[in-house]
Amino acid sequence: MANYFQPYASCSPSAEKDSYVYKIVPCSGQNLAGITSADEVFVVNSGSLDTASGILLPSPPSQITCLVPSDDGRAVICSGKDEVCVFDLRSYERTTTFKVGKAVTALACKGTSLAVGTEYLNHQAVVSVWDLRQPSAASWSNAENHDDITAIDFHPSKSNIVLAGGDDGQVSIFDSLIAEEQDSLVQGFTHGPIHKAGFLDQNSMYALSSDQNLALHPVFDDARVEEPTPMLLGDLRPVIPCEYVIDVLRTESESVVAAGSHSMSQVDMVPIGSAGSLDLNNRIILQGTHGEEIVRSIFVKDNMIFTAGEDGRVQAYRASSSQSTQKPTKTKKESRYKPY
């Protein structure tokens, strides 16, 4: 049975008209941070979106690309044309700058470690790891990547293990304790051009291509005699059904595919079962999501769901007081859409 969620609060945090909200992340307390297409980093109170006035953080990087929170949620880290910046949310000031030298296209943070992926330039795309306390130089890097890095992630319990996915369809697992570039690659596989990728848990990871194909792969374990077969879920658009896939979310108890249908102003959140199949009968459906605009970002916090979209708005949802199992009907002809 589907559970329906309805929007109950929203805001437009940008100071510029017609800007997109690219990404939102949960922070400490009720803070929510985000980035916009107007090169803004903003913070708003997620508990009072309708009435709160957002704060625009000073001196953001130019051509903003990525945003992640620190583990404790007291800082946000964003990237741009050739640098990564850290903002302290207690003072709302920029406190640290990392000079990367190339446009940053992917970010991840775990503890005091920061993983950075770059664009492909001068025959190299670089995956690097930095210490947040020592911004002068990367502690590890690998330049043997052949297209823009579009996804990066740390292993849930081993901060030396880093996953990187690229536009060339390659997903690589590196051990950042190994300095030699060729030896640091411990696992790799090819998917389609990577839209999103990351670890689901200690033993599995996902790869989502820009044409909405999803695959679940085992994390390499040298103690196993034979590697498990990956789960190839294929194009999710006819399966869910949907028009585009936003991401795979990891909650405390499960992993969930978040998929949008802009022609119905709807997002379906479908759990991934223990066997790797989609649990289509126990989905959450968000209704009234950003008109007919694309949903760019989504997260779950305290039984509430937050989205950001190309209409420039941030929205909050909670469970509908009157649940229905009848799905909305499309009002316009479905068209194929290539998001992002």
Side-chain angles (χ1 to χ4, degrees), residues 5 7-15 21-36 39-61 64-80 83-98 104 106-116 129-135 152-157 159 198-199 246-247 249-256 258 296-308 313-318:
F5 277 53
Y8 70 91
S10 67
C11 69
S12 297
S14 177
V21 179
Y22 283 145
K23 177 81 172 182
I24 52 173
V25 296
C27 301
S28 61
Q30 290 190 309
N31 278 338
L32 174 158
I35 55 176
T36 76
D39 278 353
E40 299 163 313
V41 185
F42 65 85
V43 180
V44 295
N45 187 322
S46 64
S48 54
L49 289 182
D50 280 338
T51 58
S53 56
I55 297 171
L56 296 180
L57 302 185
S59 304
I64 290 177
T65 53
C66 307
L67 178 76
V68 294
S70 63
D71 276 3
D72 62 8
R74 296 177 181 176
V76 289
I77 304 152
C78 66
S79 60
E83 63 182 6
V84 176
C85 305
V86 180
F87 290 88
D88 189 326
L89 296 184
R90 293 165 294 188
S91 64
Y92 301 116
E93 294 293 332
R94 177 169 166 170
T95 58
T96 311
T97 300
F98 301 81
V104 175
L107 276 182
C109 181
K110 184 175 180 63
T112 60
S113 295
L114 179 70
V116 177
V129 175
W130 301 66
D131 189 322
L132 287 171
R133 301 162 298 185
Q134 299 177 353
I152 201 163
D153 196 18
F154 283 104
H155 187 274
S157 63
S159 59
F199 292 100
I246 305 165
D247 201 354
L249 309 180
R250 289 155 290 182
T251 68
E252 292 182 359
S253 59
E254 61 185 356
S255 298
V256 177
R296 284 278 188 162
S297 184
I298 182 170
F299 70 80
V300 180
K301 183 179 182 181
D302 298 332
N303 296 318
M304 292 179 289
I305 302 170
F306 297 86
T307 62
R313 301 191 68 80
V314 175
Q315 289 191 177
Y317 308 78
R318 58 190 171 199

_Check whether Asp302 reaches the backbone of Met304 with its side chain - one donor and one acceptor, N or O, closer than 3.5 Å._
no

Is the backbone N or O of Leu249 less than 3.5 Å from a side-chain atom of Asp247, with the two atoms forming a donor-acceptor pair by type? no

Heavy-atom side-chain contact between Ile152 and Val116 under 4.5 Å
no

For Ile77 and Leu67, what are the C-alpha separation, side-chain angles and deciding distance, and is it a side-chain contact (heavy atoms from CB on, under 4.5 Å)? CA-CA 6 Å; Ile77 304 152; Leu67 178 76; over 6 Å; no

Output for pair (Arg74 CZ, Cys27 SG), nearest 0.5 Å, gives 12.5 Å

Donor-acceptor check, side chain of Lys110 to backbone of Ala115, threshold 3.5 angstrom: yes or no? no

Problem - Modelled atom types, side-chain donor and acceptor of Glu40 and Ser14, under 3.5 Å - result: yes

ask   = Just by distance, with hydrogens left out, do Tyr22 and Thr36 show a side-chain donor and acceptor under 3.5 Å apart?
value = no

Backbone of Gly73 reached by a side-chain donor or acceptor of Ser28 within 3.5 Å:
yes

Exercise. Step by step, work out the salt bridge (charged side-chain N to carboxylate O under 4.0 Å, His left out) result for Asp153 and Arg250.
Key: CA-CA 12 Å; Asp153 196 18; Arg250 289 155 290 182; 2.8 Å; yes

*asked:* When you measure from the side chain of Asp71 to the backbone of Gly111, do you find a donor-acceptor pair of N or O atoms at a distance under 3.5 Å?
replied: yes

When every non-hydrogen atom of Cys11 is compared with those of Val44, the smallest separation belongs to SG-CG1, 4.4 Å

(message) Are there over 12 heavy-atom neighbours, none belonging to Asn303, within less than 6.0 Å of that residue's CG?
(response) no

Separation between CZ (Phe299) and CG (Leu32), nearest 0.5 Å, reads 4.0 Å

Distance col, row Ile298:CD1 vs Ile246:CD1, nearest 0.5 angstrom, shows 5.0 Å

| task | Check whether the side chains of Ser10 and Arg313 place a donor and an acceptor atom closer than 3.5 Å, and report yes or no. | result | yes

Nearest heavy-atom contact between Thr307 and Tyr317 is OG1-OH, 2.9 Å

One should read off an interatomic distance between Leu56 CG and Phe42 CZ, to the nearest 0.5 angstrom, of 9.0 Å

**Message:** Checking the side chain of Ser48 only, and the main-chain atoms of Thr51 only, is there a donor and an acceptor separated by less than 3.5 Å?
**Reply:** no

Scanning both residues in full, the closest heavy-atom pair of Trp130 with Pro135 reads CZ3-O, 3.5 Å

**Asked** How about Leu57 and Val76: do any of their side-chain heavy atoms sit closer than 4.5 Å?
**Response** yes

For Thr65 and Ser79, run side chain to side chain donor-acceptor pair (under 3.5 Å): C-alpha distance rounded to whole Å, both residues' side-chain angles, the deciding distance at 0.1 Å, then the answer. CA-CA 6 Å; Thr65 53; Ser79 60; 2.8 Å; yes

Between Glu83 and Val104, the two heavy atoms sitting closest are O-CG2, 4.2 Å

| message | Tell me whether Arg94 at atom CZ has more than 12 heavy atoms from other residues, nucleotides or ligands lying less than 6.0 Å away. | response | yes

Task: pair Leu132-Thr96: side-chain heavy atoms closer than 4.5 Å - done: no

Across all chains, not counting sequence neighbours, the salt bridge (charged side-chain N to carboxylate O under 4.0 Å, His left out) partners of Asp39 are none

Q.
Are the side chains of Cys85 and Pro60 in contact, using a 4.5 Å heavy-atom criterion?
A. no

Separation between OG (Ser297) and CD1 (Ile24), nearest 0.5 Å, reads 4.5 Å

One should read off an interatomic distance between Phe98 CZ and Gln134 CD, to the nearest 0.5 angstrom, of 9.5 Å

Between Asp88 and Glu93, is any pair of side-chain heavy atoms under 4.5 Å apart? no

Smallest heavy-atom separation, Phe199 atom then Pro156 atom, equals CB-CD, 3.8 Å

Heavy-atom closest pair (Lys23 atom, Val25 atom, distance to 0.1 Å) is CE-CG1, 3.8 Å

Problem - Contact check, side chains of Leu114 and Val84, non-hydrogen atoms, under 4.5 Å - result: yes

